[in-house]
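Note sheet for the following structure.
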Amino acid sequence: MTATLAPAREPGSPAPASSRRLAERVFRIREFGIVAVLIVFVAVTAGIQPRFLSSTNVQFVLVDATIYALLALGETLVVITRNVDLSVGSVLGISAFLSARLASQAHGLPLPVVFLAGLGIGLGFGVVNGLMVTLGRVPSLVVTLATLYIIRGIDVLVVGGTQVVPSSYYPSFLSMSKATLAGVPDLAIAVAVLVALGWYALRTFRSGRELYAVGSNPDAARLAGIPTGRRVLFAFAISGAIAGVAGVLWASRYGTVDSTAGTSYELQVVAAVVVGGVAIFGGSGSVVGAAIGALLLQTINSALYVLGVSPNWDQAIAGFLLILAIAGDRFILVRLTASLRRRSARRGA
Amino acid sequence: MEPDDVRRRPRPALGRAALARPFLRWETGLVVVVIVVAIAGSALSPEFFTANNLFNLGLNTGEVAIMALPMTLIIITGEIDLSVESTLGMSSALLGVLWADHWPMPAIFVVIAVVGAAAGAVNGLLVTRAGLPSLAVTIGTLALYRGIALILLGPRTVASFPAAYTNAGTTAIPHTDLPYSIGIFIVAAVIFGVVLHATPFGRSIYAMGDNAEAAMFSGLRVKRVKTSLFVISGLASALAGVLFTFRLNTAVQDNGTGLSLDVVAIVLLAGVSIFGGKGSIAGVFLAVLAFAGLQNALLLTNFNQEAMGLVTGGLLLVSVFVPNAAMFVRQLRRAVTRSAPRPGEPALSTPRKDT
Amino acid sequence: MSDGPGEGRAAGAAGEAEDAGAGPGAGGARDGAIPVLALEHVSKSFGAVRAVIDGSIELFGGEAHALLGENGAGKSTMVKMLAGVHQPDGGRFLINGEPVVLGGPADAIDAGIAIIYQEPTLFPDLSVAENIFMGRQPLRSGRRIDSKRCIAAADALFAQLGVRIDPGRISRGLSIADQQLVEIAKALSLNARVIVMDEPTAALSAVEVARLFDVIRALRADGAAVLFISHRLEEVFAICQSVTVMRDGRHVLTAPLTGMSAAELVRAMVGRDMPERIPGEKRAPGEVRLKVERLTREGVFTDVSFEVRAGEIVALSGLVGAGRSEVARAVFGIDRYDAGAVSAGGRRLRKASPTSAMAAGIGFVPEDRRQQGLVMEMSVQQNVALASLSTLRKAGLIRASAERSFASDWAVRLSVKYGQLTDPVSMLSGGNQQKVVLAKWLGRQPSILIVDEPTRGIDVSTKADVHNLLDRLAADGIAILMISSELPEVLRVADRVLVMREGRLTAAFSQAEASAEDIMAAATGQVEAQAQ
Amino acid sequence: SSSGSSSPSSSSSSSGSSGSSGSSGSSGSGTAKSGLKVFVIPKNLGNPYFTTADSKGTGGALAAIGSLGDTGTETSGTAATSASQIPAVQAAITKGANALVVSATDPTALCPTLNGAIKRKIPVVTYDSDAPGCRSLFINQASTSAIGTSEVDLLAKEIGSSGDIGIVSAAASATNQNAWIGFMKQELTKYPKMKLVATVYGNDDPATATQVTQGLLEQYPSIKGIISPTTVGILAAAGVLDSAKYRGKVQLTGLGTPDSMKKYVSDGTVKAFELWNPANLGYLAGYAAADIAGGALTVKPGATFKAGKLGTFTIGADNTVLLGPPTVFDSANIGKFNF
Ligand SMILES: Nc1ncnc2c1ncn2[C@@H]1O[C@H](COP(=O)(O)OP(=O)(O)OP(=O)(O)O)[C@@H](O)[C@H]1O
Ligand SMILES: Nc1ncnc2c1ncn2[C@@H]1O[C@H](COP(=O)(O)OP(=O)(O)OP(=O)(O)O)[C@@H](O)[C@H]1O
Ligand SMILES: [Mg+2]
Ligand SMILES: [Mg+2]
């Protein structure tokens, strides 16, 4: 099920270097595929409704997408290790509420402190998830399905049927998600930088590569002396911390926070990660792909609203497009593999 | 090879298969959980063991229980179906629309069965023929099928179902205290149990869950079996949709929202491995009892219903942790002591420095 | 290797033995030298299974030491104790004479112990180079991985092994042999003082084996200690200086190899004499059972045509990666083919349908038993019965008693060693797992049997059993297509030998005219022998 | 007390008012049975609107029930669906409820269960969302037509009775919302230059409501005004309009709580909106339920009763009690309210 290229060895291949370059090119196309889908989709939408590309709308879409892209970044780390974190929506919810309450009750507080609070809350839950998965040897889907319910339960008890409303914050808390730099939301820039850093780290540091190794073959990773438990724990901790930060952004973005914030985000995030080409059974994929996947899904949502598609239809269309995106990605991959095999055959002959 | 070549080394008996042992332990654990829930329920509320309450308990659980059966088989093959709640919603919407259009009930049932099977087939074919991960596919159809329900029904509510049918949704099977949905579940559980545990079809489900490639190399029809399981899941969800609609006497587009994860939670509680290859129908039966009993008992107390998730999640965690508790403690202790140098150990085996 | 290219090897073996006699570590006494690595009277149990009861082994620098034993004797378990994967239940682990405790594989790596496990342990999604250097990648400034140096180093290792594998490709889809070679490269890259090789040659053909031996000699010259496990005794004589034999989890003997005969070793391993080959009464081959016509899968194999007759054993020989397994997979319907046709018993088979192949009486023992042959979590009994369930049912239900007697019957016939029929097959040793796969297919009583590397990882006496079994099956009129990378096996068993090179059939020999030289020549492309 | 132009009661069915008609009725709480169990079952738990309506601290339903010496319990499901509400109703009956106070998620679905309660002589008082035909009494927060018409009138005043307008509703299937929107469309016929271009659904989820409002504005740049008859929707819409691009150019009104909207009223994003007092609604429902269960009140059109701090109410036709006209909040009065 893992969509990976396995170019056949070319009998009598000229030099390994050239086939390597070919393989590299294909891998790059892998992310290009998602980008292409995104571009086509934006072009079609803008063709029908040019205001889709208006600066306000682009800003709105980018800000909405950053929250998902951020969650997808953390989720990717976990999925790469052959695990899954279904608790991100609940963690986002409780962090959103607590940080919102902080921002509305302690007006003198500098913004970074609010972020640290959100990050700390998320980190705590992430570590708990990670410990149960690594030390308890319980499948992560089970653990995080349980903590999805439990953290939401805690949230509900903490919130107690109240809500935090925009009127109560100090103004910079709300305006932070609206600030822009050269027309691009500050948040989008910050998240793009984070994603780029994550991408670079996963490629260039041993511990990053070891995350892939753990997901690709956990037993082999153990035999290779990789501290698998620590790596998995790390992935969960980061995923939790990121969900915590995303909660702060969520509160700033939408203003009103009650106990339902972030409900069912987990499936959206997993979908974004898969659309972004991250293998759901671990070992391959990139955070850039996942972030673009998140952007694509948000763009689809937003486009349907902007196009004024009947609210009776938009969910079906969104679901259909999601399947189309996954299937299209797979189709391109299969075709590429086949053509590579044929090409090597012709060259070998 | 001659018989005298036989050199079976005698070994101490291992008792029953090591494979079967964790199952037995799991199910014994579930029996204990069910008993504890029953005792706690009756201690917390004298109404717990009244026929009326047990009937309500069953009534509110029937649809989820029915959907849990095919979900069990699907998870044993290593796949998952998150779209069941939307198939339920789609079936409910179809029932409402067609009934409002004055179709005869039997014709409606046929259409619903066909659509349910088709919904499952779409999932199955995307997974087996297109080779897409089921988790992703069924997140997509979760939205798609709910969307179709919305297209069919829009904001409408259809309610005027004939009393003969809605009564079946809210009354007991004659001469029993069982709601119809639970009756259906019990019969289906027996059938699923026999199929899973005693037929070649069931055996192939376990085989492909553990090693799909080896199953294919053994001539098992992996794709066909998986597709058929998704179809069965679609059919069961459609049936659950009909029962749901008649029970509430309402067809609205959001019927059943949020049930998929409940179904998955029950199946996992039953000890079915999310990685495939392990699980039993008896476990599912017990898990349904535990899950429903606990929810009902809490409803009868003044427990804050909002925090129900705490209990659902907690039950899931406890059930997976109790068998592992000893190991967890050992691991934890080891992780703690590892940071300190172990006494009497040569320098050679110092922990590897990480990057 | 008994003859053919084995001659050269036999000469080499003699030379080695002489080396050994003169070498510092040779001989039983070893003159009080301290072993770099030693296990003393170790034991290891898994639940009720006592895998190693009393094992001892000593490794010396500059020496290649063989560990021999039947399937299930406990060799791999010893290896895993050396690797830090398992902690011994009892006994001592000594490094340079000092007792140590290894907390895990990382500790073993730090202690300078490199392991090639019996089953490849690769990361399928990562590049070959990363597989080799995982956790130890060369770094540049800022602790960043230097991927250029990583690839270059991998290239150098492959050059040393004389193989051509692209270090930049991902390792998913590597053939078993290539996986094994990557494992060898990985172990070499550690520059370890001790290298443990658990059946490294099981999947390799003669050319790669020869290169590997060159490498082992170089390692020895550098003073490394090598532990070498193999079921091919001729290899042991060719490369090792001393030997330890285990039987049923116990140490039997440790001795220098000089002056030992193969028969003595076998006796030590099995406690009796090696079974003779019972020459089956050869009958004239019957009607054509399997007919493959111009089969082509683009980029993998081209224009492959051959026939297998009833009562005939046809061997498909060639170098690793020649595409033999791919042909077998296409015939059995696992893979699609682009052109050509397959018919069995006169009926044309549907493309990509194992069920259709099975219905036509084909059985297929695949090369990778863990991935393709077995369902590891299932019991021995369930694995044996897996392909025959349709014959074991009554009224749609599996009859437990029929399944049990079916499985025990076949397990006995193939002398599978197991605790209980209900034990998971993962508890069996590698060779016994292979027998379970054989039992699974023989249980279907096929009229055509395709066996891909049927004796990979099988011990000498069992191998002889398997060869006798194949003879007897052929005598019973079954058509057999055997893929094997082991030339002696091919020469010993086959009635006809087909040779593949780079996806094409390049030669065909009858048993009479087949010689190791000719087969190797056709496999490597030195001559283009004409097909018959 | 209200400024603004709401037309208090155009519906004829209900005649209750919060005045003090000092009438008869058997309102003495001391004389009737007390110590009864009254269950308050909102659409769902964790919903701030219902938390205000039900809580003791806000002076809602539980406060009223407690003041009569009875035991009030709030219970429901966590999702606003009948499938999650019905088990709570069943459990309340099983636990021996003497009266039920219910806001029906879906009347048709709930009716069989509620009728079961009535059959057992358990009075059912609905509030916020009615279940016609299967309740004893309905406490109507405001007349449906009044809400619909008054919001259109409010917006018309703000945009000079001309221009395109949109509606940000809750769920597409919400009965309340659809009824109000129906009356809005009717009222719009009085303003020929105002055109309703689209109704979008935010599902009472802040994120969705924000996104659909954005989509609405991008799709129809000509929009001059938005009505959002839901407290979640109006907040989200205000958040979107809270930017230099839209402030003052697109007007927003609807139903909102004064506490949550203070920021937007003071910065000029929103001029005026309205709402009844949810705590008073809950208080009245709780009070009536306890009274009926205690035998202090017999439900029949024309009967009057005194509901503690709220004064006297009269049961109208169809056994309905109207809470009173909604309050319109603007910059002048919003500081005085605290809910
Ligand atoms: N993890 C395990 N759990 C239970 N039993 C095991 C386990 N590993 C090995 N065994 C058992 O221990 C015995 C020794 O196995 P081992 O793998 O060491 O044999 P071996 O000598 O390497 O055989 P082969 O030549 O077939 O590889 C076998 O009977 C095997 O079934
Ligand atoms: N799934 C795959 N994807 C891509 N290439 C593959 C795949 N499987 C095998 N190959 C390549 O195809 C070629 C033929 O492999 P195959 O295993 O058929 O060779 P073989 O002659 O059977 O060798 P062996 O001795 O290992 O069995 C090899 O170069 C191998 O790397
Ligand atoms: Mg072994
Ligand atoms: Mg092969």
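Only a predicted model underlies this, so the values are computations on that prediction, with no experimental measurement involved. Quick note on labels: first sequence line is chain A, next is B, and so on, each numbered from 1. When reading the values below, keep in mind they use all heavy atoms of this one structure, side chains included, and skip hydrogens, waters and symmetry mates.
For B:L126, the part lying under 4.5 angstrom from a heavy atom of chain A is the side chain only. Of the two parts of A:L324, neither the backbone nor the side chain holds a non-hydrogen atom closer than 4.5 Å to a non-hydrogen atom of chain B. Both the backbone and the side chain of B:L317 come within less than 4.5 Å of a heavy atom of chain A. For a residue to count as touching a neighbouring chain, one of its non-hydrogen atoms must lie under 4.5 Å from one of that chain's; by this rule A:F320 touches chain B with backbone and side chain alike. For B:L268, the part lying near chain A is the side chain, with the backbone staying farther off; criterion is any non-hydrogen pair under 4.5 Å. Only the side chain of A:V274 comes within less than 4.5 Å of a heavy atom in chain B; its backbone stays farther off. Within the 4.5 angstrom heavy-atom criterion, only side-chain atoms of A:L157, from C-beta onward, approach chain B.
Of all heavy-atom pairs spanning A:G319 and B:A143, the tightest one is CA-CB, 3.7 Å. Here the shortest heavy-atom pairing between B:G313 and A:A146 reads O-CB, 3.4 Å. A pairwise comparison of heavy atoms in B:I139 and A:A271 identifies CG2-CB, 4.0 Å as the closest pair. Contact record, A:A316 with B:L144: O-CD1, 3.2 Å, taken as the closest heavy-atom pair.
Here A:V156 is the residue among A:L322, A:V156, A:V143 with the most heavy-atom pairs under 4.5 Å with chain B. Among B:L82, B:L142, B:L150, the residue with the largest count of heavy-atom pairs under 4.5 Å with chain A is B:L150.
Here the CG atom belonging to B:L310 is positioned 12.5 Å from the OH atom belonging to A:Y149, to the nearest 0.5 angstrom. Atom CG in B:L316 sits 8.0 Å away from atom CD1 in A:I150 (nearest 0.5 Å). With values rounded to the nearest 0.5 angstrom, A:I280 atom CD1 is found 4.5 Å from B:L135 atom CG.
Contact residues of residues 260-267 of chain B toward chain A are B:L261, B:D262, B:V264, B:A265 (heavy-atom distance under 4.5 Å).
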Given A:I323 and B:T141, is the side chain to side chain contact (heavy atoms under 4.5 Å, CB included) satisfied, shown in steps? CA-CA 8 Å; A:I323 293 168; B:T141 50; 3.5 Å; yes
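A:Y212 is linked by a side-chain hydrogen bond (donor to acceptor under 3.5 Å, both in side chains) to nothing, counting only residues two or more places apart in sequence or in another chain.
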